[in-house]
Amino acid sequence: MASASSSSYFGSENGDSSSFMLNTQNEAGKEKRSICRDELRCKELEIPFTVSMITNYPVEEFNSLLRQHRLNEEQLTLVKDIRRRGKNKVAAQNCRKKKMNELTGLEAEINDLKRKRGELIRDKDELKRSKLHLRKQLDQTYIEVFNSVRDNLGRPYDPRYYTLHISDDGDAHIIPNKVILSQWLAITTLLNYHHHTV
DNA sequence: CGCTGATGTCATACG
DNA sequence: GACGTATGACATCAG
């Protein structure tokens, strides 16, 4: 198929192509050079079309062109080869453009994610500072409460053995350690004795 | 001189 | 099956 036709095409040209193309199997190069080469080959084979006609004409017109001029095997092979390469050249250009656009999009996405990461890091620091502040306030409140409250014998509570709890209704209770708030509330309710409600 | 980006070409897959 | 398109891989060239 294409590879066979190309190699035979290039192969047959090895003798006189060295002046403008290297004779490696995978012939490549700049557009003008290859078009120039193809134009020359078209002239050599007496093909009555230009490279531009071959590559740019729509299928219909291209086919009618082929119908009008009876081309031999060699001419037909070259013409189809030129057309295929021309089409593929444009396809490669589009493909690369698309790839570049995708790359640009991904880079933008990366920048956006970096920005968001920065925001989240700042938020985290802010919350950390806020938590520290609340912690200090709570500690202070603890000290104030334990300093201001006395048991029914007038003695201060020892913060080593008692903990300050806030119930759902917002009431503060000083309860012995190792007793959870619900238990403590049940006990005090049972005894109808709200122990040191603050 | 070797490196790199741009470009063309080929092979291949797919529609 | 022929044809066009998309894409990876390779080659070549220019800067």
Sub-4.5 Å side-chain heavy-atom contact between A:Arg117 and A:Arg122: no

Contact under 4.0 Å: A:Gln93 side-chain N or O vs B:dT7 OP1/OP2: no

Heavy-atom check, side chain of A:Asn94 versus side chain of A:Lys98, under 4.5 Å: no

Donor-acceptor pair between A:Asn56 and A:Ser52 side chains, under 3.5 angstrom: yes

Spacing of A:Asn94 atom CG relative to B:dT7 atom P, expressed in whole Å: 13 Å

Produce the list of close N/O pairs, under 3.5 Å, pairing protein atoms with atoms of nucleotides 1-4 of chain C; give distances to one decimal.
unit_1: C:dC3; atom_1: OP1; unit_2: A:Lys80; atom_2: NZ; d: 3.1
unit_1: C:dG4; atom_1: OP1; unit_2: A:Arg83; atom_2: NE; d: 3.1
unit_1: C:dG4; atom_1: OP1; unit_2: A:Arg83; atom_2: NH2; d: 3.2

Distance in angstrom units between A:Arg85 CZ and B:dG8 P, rounded: 12 Å

Atom pair distance, as rounded to whole Å: CG in A:Asn88 and C1' in C:dC10: 13 Å

Sub-6.0 Å ring centroid separation between A:Tyr162 and A:Tyr157: yes

A:Phe62 atom CZ, neighbour heavy-atom count above 12 within 6.0 Å: yes

Ionic contact status for A:Lys116 with A:Glu119, cut-off 4.0 Å: no

Contact list for DNA chain C against residues 98-107 of chain A - heavy-atom distance below 4.0 Å: A:Lys98, A:Lys99

Nearest-Å distance for atom pair NZ/P, residues A:Lys89 and B:dT7: 11 Å

Candidate pair A:Phe49 and A:Leu71, rule side-chain contact (heavy atoms from CB on, under 4.5 Å), full reasoning: CA-CA 11 Å; A:Phe49 324 135; A:Leu71 301 182; 3.9 Å; yes

Flag side-chain contact, heavy atom, 4.5 Å: A:Val90 against A:Thr55: no

Any A:Arg96 side-chain N or O less than 4.0 Å from OP1/OP2 of B:dT9: no

